[in-house]
Structures are given as C-alpha cells and as structure tokens.
Amino acid sequence: MHISIASLALLGTFAMVEGFTYERLDKDNAALLIVDEQVGLFGFARDEDPVVFKNAMFAHAHLGQLFDLPVVMTTSAENGPNGPLVAEFRQWYPDAPLIQRPGEVNAWDNKDFRNAVIATNKTQMIIGGITTDVCTTLLALSLREAGYQVFANHEASSTVTRIAADHANERMRAAGVQVLSYFAIVAELLRDWRNPPGAEAIFPEFDKYFPTGGMVARAQVAAIRNGTIFPGAGDLPHY
C-alpha cells in the first residue's frame, strides 16, 4: 500500500494532538518573575515601539497585584550601566524578594534567586524580561530543565531586533515553554469573568494597559440602558 508523504505528516499531526496535554495557568499555582526590567537595559528593547513595550512591562509587573501572585524580582549589575529596576515595581512589591545578581547572566545560576523561586512553592512561572534572547530565554530553559511549567510573556520581553526575538521564542517553544501575550495570560489566570478578581477589577486594568480590551469595557457603558453592562465597567469614564 502506497502512503504519501502528506498522509504520513497528517498521521503524525494526529498522533501529536492525541498525546497533547494542556498545561493551563492556575492562579493558585503560579508565580510572577520580573527579570532585569532595568532602566539602563531599556535601550536594548528595540524590536517594539518603546511606548508599547513600557506599557507591556508595567502590565506584566502588575499581574502580581491583580491576581495576588507571589513575585520574585531580579536585576543584573544594577550599580553599573544596567541601572536599577523600574521604581514602581519596587513600590508595588516592597516585601517581595529582589535579587541583585553581581555577575550571573542566567538568573537561575544565582543561588539566592533559585532559593527565592523555590520558596514560592509554585510550579508555574510567568516570565517577562529584558532581553528576550538572554534574560528571558536562558532562565526559561533552566526552569524547564528544573521541572517547572514556564509561561513567557512575549510582550513584556524585548531585545535588539525582531529576528532575535523570533528565534528566541522558537527556542523556548522547542523546550516546552509556552509563549503568550498579556491578554492570554490574564484570560488563563481568570478563566471565568465571575471568578475573582472579576470583571470589576479586570476592566479598569485593561483600560490602563490593554487599550483594545479597555475600549470594549468602555463600550459596555452604552449598555447601561438595557442593564447588560459588565460589573466594573460603569466606573470607567463615559467617553
């Protein structure tokens, strides 16, 4: 019996789908990692518009407050040209570990950082960092090797070129890292609009950091007349 190459490829695809396990983000089992989001390294973030990337960084960092996630932060040589972590992140999480690495490129090579991650007692790690191909990718690969489920926020990670980011994301995917957008991360953590923190908290957050979703929330204001407005959207400006 003759089997074409296309048929073999199709059979292989079915086999992969049949053996697929959906690793869903679980807010009760996830921790947030803020990796080298430093003011001096922001200049390496050149594969995205700087305004868009800054917004994505802040959105990523605020996930910890929104979903009450344990947070671990780290910086690389912050007393040199890399500069300090974004000040707001320190203010948001004054009690979270902030590991200042004196030289390790891969954060996982730093014992204090490893211990801080282990101390979260979570098995899912959500990462954003500068740069995508070094700070995010090297840590993500090490976390996978250590047995963690890893979710890389590609919008909150950036590097010098788009091709460098694309290759880094491919490398992570090949190792089983899930590369997600901010919106996808929020959706997976929330799962149901009736779950806490709920639409009343999510919609104002979107209005700040995810304008497309924020405008959907604003559009709900027009539904007040027929009583179908989502909770929380009524607190947004009416324009």
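No experiment lies behind these values; they were computed from the predicted model shown. Values below: every heavy atom of this structure, side chains too, minus hydrogens, waters and symmetry copies.
Residues G64 and L32 come closest through the heavy atom pair N-CD2, 3.6 Å. Minimum interatomic distance between E200 and P197 (heavy atoms only, all atoms of both residues): OE2-O, 3.3 Å.
Counting only distance, with no hydrogens or angles, the side chain of N82 and the backbone of E78 share no donor-acceptor pair below 3.5 Å.
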| message | Using the rule given for side-chain contact (heavy atoms from CB on, under 4.5 Å), can you reason through L25 versus I185, listing the C-alpha separation, both sets of side-chain angles and the distance that settles it, and then say yes or no? | response | CA-CA 8 Å; L25 263 173; I185 290 170; 4.0 Å; yes
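The closest side-chain heavy-atom distance from Y93 to V72 is not below 4.5 Å. Looking at L143 and I127, their side chains come closer than 4.5 Å, going by heavy atoms from C-beta outward. Looking at heavy atoms from C-beta onward, R171 lies out of side-chain contact with D133 at the 4.5 angstrom threshold. By the 4.5 Å heavy-atom criterion applied to side chains, D36 and V134 are not counted as neighbours. Looking at I126 and L69, their side chains come closer than 4.5 Å, going by heavy atoms from C-beta outward.
Across H60, E155, H62, M57, a single residue satisfies side-chain contact (heavy atoms from CB on, under 4.5 Å) together with Y209, and that is H62. When E37, E104, R101 are each tested for a side-chain hydrogen bond (donor to acceptor under 3.5 Å, both in side chains) with T74, only one passes: R101.
Within the structure, side-chain hydrogen bond (donor to acceptor under 3.5 Å, both in side chains) contacts touching residues 176-187 (residues at least two apart or in different chains) do not occur. The list of salt bridge (charged side-chain N to carboxylate O under 4.0 Å, His left out) pairs with a residue in residues 108-128, not counting sequence neighbours, is empty. Here ring pair (Phe, Tyr, Trp, His ring centres under 6.0 Å) pairs that include residues 29-57, with residues two or more places apart or in two chains, are F42-F53.
Side chain to side chain, T123 and N29 meet the donor-acceptor criterion of an N or O pair below 3.5 Å.
The aromatic rings of W92 and F89 lie tilted to each other, with the angle between the two planes from 30° to 60°.
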